[in-house]
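What follows is one structure encoded as structure tokens, with my remarks underneath.
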Amino acid sequence: MSQLLKISLPDGSVREMPVGSTPADVAAAIGPGLAKAALAARIDGELRDLTRPFDGDCTLALVTAKDEADALDLARHDFAHVLAEAVQALFPGTQITFGPSTDDGFYYDFAPAERPFTDEDLPAIEAQMRGIIAANKPLRREEWSRAQLISRWQQQGESFKAEWAAELPDAETLTVYWSGDDWLDMCRGPHLPATGKLDPNAFKLTRVSGAYWRGDQNNAMLSRIYGTGWLNKKQLEEHLHRLEEAAKRDHRKLGGEMDLFHLQQEAHGSVFWHPKGYMIWRELEAYMRRAIDGAGYREVKTPQIMDARQWEQSGHWGKYRENMFVIPDEVPNVDDEGPVISGEADWMALKPMNCPAHVLIFRQGIKSYRDLPLRIYENGCCHRNEPHGALHGLMRVRQFTQDDAHIFCREDQIVDEVQAFCALADRIYQDFGFTYAIKLALRPEKRFGSEEMWDQSETELREAVVKAGLATEHYGWEELPGEGAFYAPKLEWHLTDAIGRTWQVGTIQSDRVLPERLDAGYVAEDGGKHRPVMLHRAIFGSYERFIGILIEHYAGKLPVWLAPVQAVVATIVSDADDYARDVTEQLKAAGIRVETDLRNEKINYKVREHSLQKVPHLLVVGKREAEEGTVAIRTLGEERQRFMPLAEAIAMLKGEATPPDLR
RNA sequence: GCCGCUUUAGCUCAGUCGGUAGAGCACAUCAUUCGUAAUGAUGGGGUCACAGGUUCGAAUCCUGUAAGCGGCACCA
């Protein structure tokens with residue numbers, strides 16, 4: 001006699017269903033509308049296929065398009081499978097490997113039979129995918145044995161899949177999903193009941209790229225196809241629109257349009273700052289100096305080039321030599337004939353970081369425990385020969401200036417210092433309108449120092465964040481195993497910008513390795529020599545990158561205090577020229593960065609041009625203003641203009657041009 | 001570094017089948033004195049990324065190099 005299963009539904013009711021029935025049967029029993037809308041099921045909280053039979057009594061929540069997060073993930077995962085099926089249909093002999101969902105869509109990695117895919121292949125693949133969706137092929141789950149899987153993959157010439165099948169953990173139930181009766185992929189699932197549940201107008205293949213098998217550069221280079229996938233056409237269009245808006249704030253584009261900086265082949269990876277861009281830098285530098293002066297740091301400047309032996313001792317030479325700029329300590333040969341250098345000189349290197357130089361300053365003279373904590377700050381210009389494929393505008397460059405400091409302190413001062421740093425970083429990020437998450441990056445596989453040392457350093461950083469009240473969900477608190485530096489665990493600050501993207505910027509690292517390697521010591525109360533702990537920390541990260549982030553965050557519309565040109569005085573008729581000059585002089589005297597536009601152009605033209613240049617305030621003067629001693633202010637982003645007496649305008653601009661920390 | 005794509009005027013781009021280059025903007029000159037996102041006319045400006053090759057002839061076809069773009073890997 002057949003038993004009945006008790007299925008508890010979200011409304012509290014319980015349905016009795018025969019053994020072997022599925023969530024789809026429950027949906028059908030409730031009503032045809034739900035049967036049609038159901039996409040998957042949550043069984044005791046676990047997301048499962050709609051057509052997978054119940055294991056026993058359970059709670060059931062049917063998943064529909066209204067459960068957006070689940071529905072999107074299911075759809076994206078299915079799009080990836082449909083993509084793989086389409087590619088194998090169009091390009092026989094292509095091997096499939098792996099294809100997950102992503103934040104906005106999906107990708108699939110292929111081992112192509114002949115050549116990697118190109119953008120030109122995408123339209124045909126999209127059309128093939130739409131065909132598979134239109135065919136409404138059922139997606140059917142089957143449990144297979146490992147031997148079955150390996151044999152199938154080997155038979156099909158799918159060597160990557162076979163390799164993977166052999167390595168899947170023993171504990172896992174191995175499953176495949178059929179698409180109709182003619183195609184299958186090995187997959188944990190779950191999936192939608194059929195390809196027809198996908199909206200054929202809700203996806204778009206976006207790009208192709210290379211990607212290493214299993215993310216390891218020693219492995220084969222696969223050909224990856226990316227797509228973006230959504231539940232309906234409207235969502236897709238909104239997403240594509242967001243991408244266009246994000247592209248408009250690209251710092252490389254705005255950097256050119258606003259005449260802030262440029263990059264060129266002759267110094268690739270290093271920035272040519274133009275006067276306007278460097279004004280932003282100078283404001284940030286002045287801001288940061290006020291911040292560190294107030295927080296008890298001492299600013300220093302250290303050599304750009306040091307003997308290679310210094311880098312050997314610090315441990316950087318062994319690990320990072322290939323990314324260092326190395327130069328001979330030698331005058332080049334003056335003869336035109338013969339080699340430029342003898343090759344016999346000692347090697348020096350451009351500093352890739354400031355830490356060892358700061359230790360050398362610390363080591364001058366004898367330090368007492370009374371000197372600690374000693375906070376040494378530098379706007380440190382560093383050079384790293386980054387892999388060429390990594391360079392990206394201002395975000396990843398070969399020459400950069402860090403807002404770098406090292407706090408030399410006693411063991412018992414670490415938590416207080418880290419906590420104080422948390423407060424300083426919080427204040428600074430708020431001044432720029434960023435929210436942030438804090439993460440703790442734990443010991444990496446390859447590292448220096450003892451286990452006890454790592455235990456202690458990680459514990460201290462954790463404790464400081466807890467004490468600062470930041471180890472909460474609100475601050476995205478999370479620990480990242482294996483992500484630390486080779487000498488220390490790191491706290492990382494991940495900023496969220498105006499359109500929701502995140503940027504890792506600030507850091508503090510608790511280091512007991514470098515003080516040891518570079519022999520830093522101080523005399524303690526007991527008269528004995530002790531090692532200080534060295535806290536490496538930065539808030540902007542680098543000026544280059546931080547400015548890049550600010551440009552994108554503000555979409556070029558920098559707050560007045562950072563704007564390179566804070567106001568432009570523009571005339572309507574040449575009769576107002578003298579008055580415009582007078583207004584400009586008065587603004588300059590008030591410390592405003594102002595330019596004058598007396599050109600013989602229509603006011604429409606001037607408004608357009610200065611708006612595109614993202615000048616915060618345009619002060620328009622014509623006959624009327626000249627007679628009345630007023631200005632007409634048009635503020636960036638507003639269509640309205642405001643008339644006010646000059647004195648009032650100056651007071652307003654002065655207020656807005658005051659940096660946030662001085663208000 | 002790896003995979004794919006790209007490189008033509010200061011900028012954005014067009015250039016068909018191989019027959020030594022074109023637009024808009026910008027710039028210069030002239031006219032225009034105008035009230036809130038492009039006034040008009042005229043003019044100057046290019047070793048078609050670089051180096052080889054094929055060809056009677058190369059921006060165009062081939063090879064190599066470099067840089068840029070999208071990813072991957074890396075990121076002290």
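Each chain gets a letter, A, B and so on, in the order its sequence line appears, and its residues count up from 1.
- Nucleic acid contact for A/Ile603: sugar-phosphate only, since backbone atoms but no base atoms lie under 4.0 Å from a heavy atom of the residue.
- At least one side-chain nitrogen or oxygen of A/Arg252 sits closer than 4.0 Å to the OP1 or OP2 atom of B/G70.
- Using a 4.0 Å heavy-atom distance criterion, A/Gln402 is classed as making no nucleic acid contact.
- RNA chain B lies under 4.0 Å from at least one heavy atom of each of the following residues of residues 254-266 of chain A: A/Gln265.
- Of the C1' atoms belonging to B/U12 and B/G46, the separation is 16 Å, rounded to the nearest Å.
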May I have the list of side-chain donor-acceptor pairs in residues 567-578 of chain A shorter than 3.5 Å, sequence neighbours left out?
{"from": "A/Thr571", "atom 1": "OG1", "to": "A/Asp597", "atom 2": "O", "distance (Å)": "3.4"}
{"from": "A/Thr571", "atom 1": "OG1", "to": "A/Lys606", "atom 2": "NZ", "distance (Å)": "3.2"}
{"from": "A/Asp578", "atom 1": "OD1", "to": "A/Arg581", "atom 2": "NH1", "distance (Å)": "3.0"}

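- Using a 4.0 Å heavy-atom cutoff across all strands shown, A/Asn604 reaches sugar-phosphate atoms only and no base atom.
- No contact: A/His536 has no heavy atom under 4.0 Å from any strand.
- Within 4.0 Å of A/Pro352, counting heavy atoms only, lies at least one base atom of the nucleic acid.
- Pairs of residues two or more places apart, or lying in two chains, that qualify as salt bridge (charged side-chain N to carboxylate O under 4.0 Å, His left out) and include a residue from residues 240-262 of chain A are A/Glu245-A/Lys248, A/Asp250-A/Arg252, A/Lys253-A/Glu257.
- In this model, a side-chain donor or acceptor of A/Arg634 finds a partner on the base of B/A37 within 3.5 Å.
- Applying the 6.0 Å contact sphere to CD of A/Glu167 captures more than 12 heavy atoms from other residues, nucleotides or ligands.
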Pull out every protein N or O sitting under 3.5 Å from an N or O of nucleotides 41-44 of chain B, one pair per line with the distance.
none

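- The list of salt bridge (charged side-chain N to carboxylate O under 4.0 Å, His left out) pairs with a residue in residues 94-107 of chain A, not counting sequence neighbours, is empty.
- Evaluation of the side-chain contact (heavy atoms from CB on, under 4.5 Å) rule for A/Asn219 yields A/Trp213, A/Arg214, A/Asp216 as partners, not counting sequence neighbours.
- Contacts of A/Leu618 with the nucleic acid, taken as non-hydrogen atoms under 4.0 Å apart, are absent.
- Under the rule for a salt bridge (charged side-chain N to carboxylate O under 4.0 Å, His left out), the partners of A/Asp403 that lie at least two apart in sequence or sit in another chain are A/Arg537.
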Between the protein and nucleotides 7-16 of chain B, are there any N/O to N/O pairs under 3.5 Å, and if so, what are the atom names and distances?
none

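- Contact annotation: side chain of A/Tyr212 to base of B/G71, donor-acceptor pair absent below 3.5 Å.
- Base engagement by A/Lys602 is indicated by at least one non-hydrogen atom pair under 4.0 Å involving a base atom.
- With sequence neighbours left out, the side-chain contact (heavy atoms from CB on, under 4.5 Å) criterion links A/Asp109 to A/Thr97, A/Tyr107, A/Ala211, A/Leu222, A/Arg224.
- Contacts classified as salt bridge (charged side-chain N to carboxylate O under 4.0 Å, His left out) and involving residues 623-636 of chain A (residues at least two apart or in different chains) are not found.
- Across all strands shown, A/Asp216 has no heavy atoms under 4.0 Å from either base or sugar-phosphate atoms.
- Counting any heavy atom pair closer than 4.0 Å across all strands shown, A/Gly315 reaches no nucleic acid atom.
- Under the 6.0 Å distance and 45° angle rule, A/Arg76 counts as a cation-pi partner of A/Trp230.
- Between A/His392 and B/G70 there is a side-chain polar atom (N or O) within less than 4.0 angstrom of OP1 or OP2.
- The CD atom of A/Glu460 lies 11.0 Å from the CG atom of A/Leu491; values are rounded to the nearest 0.5 Å.
- A/Lys606 comes within 4.0 angstrom of no nucleic acid atom, judged by non-hydrogen atoms across all strands.
- Take the nearest nucleotide of RNA chain B for A/Asn385 and for A/Arg599: the residue whose nucleotide is more 5' is A/Arg599.
- Position along RNA chain B of the nearest nucleotide to A/Met324 versus A/Glu120 favours A/Glu120 as the more 5'-ward residue.
- The listed nucleotides are B/A37, B/G35, B/C2; the one nearest the side chain of A/Glu625 is B/G35.
- Applying the salt bridge (charged side-chain N to carboxylate O under 4.0 Å, His left out) criterion to A/Glu126, with sequence neighbours excluded, gives A/Arg130.
- Backbone-only contact: A/Thr118 has heavy atoms under 4.0 Å from sugar-phosphate atoms and none from a base.
- For A/Glu378 and A/Lys351, the salt-bridge test passes: some basic side-chain N is under 4.0 Å from an acidic carboxylate O.
- Distances shown here put every side-chain N or O of A/Tyr605 at or beyond 4.0 Å from the OP1 or OP2 atom of B/U36.
- In this structure, A/His268 reaches the B/A67 phosphate: one of its side-chain N or O atoms is under 4.0 Å from OP1 or OP2.
- Salt bridge annotation for A/Arg599-A/Glu609: present, with a cationic side-chain nitrogen under 4.0 angstrom from a carboxylate oxygen.
- With C1' as the reference atom, B/G1 and B/A73 are 8 Å apart, rounded to whole Å.
- Residue A/Ala570 is classed as having no contact, given no heavy-atom separation below 4.0 Å to the nucleic acid.
- Rounded to whole Å, the separation between the P atoms of B/A49 and B/U60 comes to 8 Å.
- Near RNA chain B, meaning a heavy atom under 4.0 Å away, the residues from residues 481-492 of chain A are A/Ala485, A/Tyr487, A/Lys490.
- A donor-acceptor contact under 3.5 angstrom links the side-chain atoms of A/Arg396 to the base of B/C74.
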